[in-house]
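Every chain is numbered from 1 and lettered A, B, ... according to where its sequence line falls, protein lines coming before strand lines.
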There are 2 protein chains.
Amino acid sequence: MSLTDNLSNMNATPTERMPSADRRELILESATEVFGERGYTGATTDGIARAAGISQAYVVRMFGSKEKLFIEVLNRALQRLTAEFRAVIAAHEASGDPIEEIYHKLGLAYIDLITDRGMLLSLMQSFAQGHDRVIGEAARCGFLEIYQLLRDEAHLDPDQANVFLAHGMMMNTMLGLQLPQLYGTDTGATELMNAAFGGKLPLVLDATGQASASN
Amino acid sequence: MSLTDNLSNMNATPTERMPSADRRELILESATEVFGERGYTGATTDGIARAAGISQAYVVRMFGSKEKLFIEVLNRALQRLTAEFRAVIAAHEASGDPIEEIYHKLGLAYIDLITDRGMLLSLMQSFAQGHDRVIGEAARCGFLEIYQLLRDEAHLDPDQANVFLAHGMMMNTMLGLQLPQLYGTDTGATELMNAAFGGKLPLVLDATGQASASN
DNA sequence: GTCTATAGGCGGATAGAC
DNA sequence: GTCTATCCGCCTATAGAC
């Protein structure tokens with residue numbers, strides 16, 4: 001069974017031996033989901049272990065501590081986000097499109113990233129940990145890294161970057177809230193979702209009302 | 001010298017009696033700070049108790065459970081925010097100013113509310129708890145309540161309301177991150193803060209680098 | 001590479017004194 | 001109205017077997 005198969009039905013198979021690099025990746029994947037959903041303190045190493053289909057002790061053994069695991073999750077999320085943005089910027093520069101278009105393109109890229117809900121949410125959860133010596137510091141650096149990318153590589157001015165990030169936070173908030181649960185109950189949830197995501201998010205609601213993007 | 005003598009001569013009064021309504025208010029105040037800083041799961045009833053200068057058991061005794069206390073903190077924050085916005089709307093309608101001005105006025109009111117940092121942060125922390133049966137539901141309702149107020153009472157259209165909320169989330173994020181710690185280190189923190197708060201936030205940094213607003 | 005068992009600490013909640 | 005003492009469950013981390 002390939003790694004990819006394993007990823008798609010995570011806790012189905014009873015633990016098989018696996019190269020530790022692959023196992024690492026799998027745990028990081030699960031941890032990203034769980035941290036994203038419940039936050040750093042709300043998540044348990046046992047919950048992460050169960051999501052990855054292995055024992056609690058092994059999670060800790062592999063990463064040293066819950067804190068170190070979270071830091072890895074955070075950096076990995078950052079890594080994916082910035083890689084995606086840099087690809088968009090590179091493609092844009094090769095395209096000859098008018099400069100202002102980059103803002104729009106990055107927005108679309110961000111909406112695409114929502115498919116990786118856990119990634120964006122674990123980022124956001126880190127932003128709520130400013131008080132923590134270790135995690136707070138990493139979160140601040142990460143946040144500024146994104147800002148600097150928008151400013152220095154996408155050449156947005158501070159106001160544009162601010163508005164861009166603001167919309168990102170808004171979308172993250174709505175993801176975290178699981179707002180789609182209220183869809184159609186005439187509370188305004190639908191119109192607000194549309195305003196926030198520009199009607200560009202093809203929503204699929206699962207049984208628990210959670211939203212995932214399909215494309 | 002007897003123990004009693006000793007006690008009666010000390011002016012570091014161990015907790016004084018107080019009408020329970022007042023005590024309630026005091027606990028809610030402290031809880032708002034602590035929950036705002038550390039989130040629902042990260043906060044402890046003991047931490048809240050110490051912030052309020054009373055015993056852990058008494059906090060639980062008075063509110064029944066940590067969860068109930070958080071719900072009260074959340075509703076109280078919502079209450080303050082909506083009251084403030086409604087006051088602005090009422091004043092605006094009496095002023096005869098052009099309708100579009102309301103957006104700007106509400107923004108200023110929000111920035112004023114940052115003085116009550118804990119309040120805004122505890123709200124934001126609730127938005128990250130969508131997965132929780134009880135708290136998630138309360139948070140969703142609260143979020144939509146604010147949206148409905150902007151739409152139905154301030155008469156913003158969905159796009160305006162979305163952008164307004166987006167900027168709010170951005171400011172909350174920066175508050176939670178304690179970004180001002182990086183002020184002046186040429187990372188862009190300053191220019192981003194200025195873009196986000198429109199240069200309208202008179203910042204005072206305390207010893208720990210935490211920001212509070214003065215006016 | 002992965003597990004089971006368990007130590008050790010913390011946190012929420014309850015009982016009961018004052 | 002408020003405290004101290006304490007129970008119990010949960011969670012992280014470690015030890016050690018396979």
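For the atom pair L106(B) CG and L156(B) CG, the distance stands at 6.5 Å (nearest 0.5 Å). Atoms CE and CZ, from M169(A) and F164(A) in turn, are 10.0 Å apart once rounded to the nearest 0.5 Å. Rounding to the nearest 0.5 Å places CG of D152(A) at 8.0 Å from CG of L149(A).
Here chain A contacts DNA chain C (any atom closer than 4.0 Å to a heavy atom, that is under 4.0 Å), and the contacts span dG1(C) to dA5(C) from 5' to 3'.
Positionally, the nearest nucleotide of DNA chain D for S20(B) lies more toward the 5' end than for the other of S20(B) and A57(B).
Atom C1' of nucleotide dT14(D) and atom CZ of R61(A) are separated by 8 Å, given to the nearest angstrom. A straight line from CE of M62(A) to C1' of dA13(D) spans 16 Å, rounded to a whole angstrom.
Salt-bridge check for E33(A) with R38(A): failed, with every basic side-chain N at 4.0 Å or more from each acidic carboxylate O. Between R76(B) and E29(B) there is a salt bridge, since a side-chain N of the basic residue sits under 4.0 Å from a carboxylate O of the acidic one.
With a 6.0 Å cutoff to the six-membered ring centre and a 45° limit on the axis angle, K66(B) counts as a cation-pi contact of Y40(B).
Within the 3.5 Å criterion, the main-chain N or O of A161(A) finds no donor-acceptor partner in the side chain of R151(A).
Using a 4.5 Å cut-off on side-chain heavy atoms (C-beta onward), R23(B) and Y58(B) make contact.
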So which protein N/O to nucleotides 10-12 of chain D N/O distances come out below 3.5 Å?
residue : atom : partner : partner atom : Å
dT12(D) : OP1  : K66(A)  : NZ           : 3.1
dT12(D) : OP2  : T45(A)  : N            : 2.9
dT12(D) : OP2  : T45(A)  : OG1          : 2.8

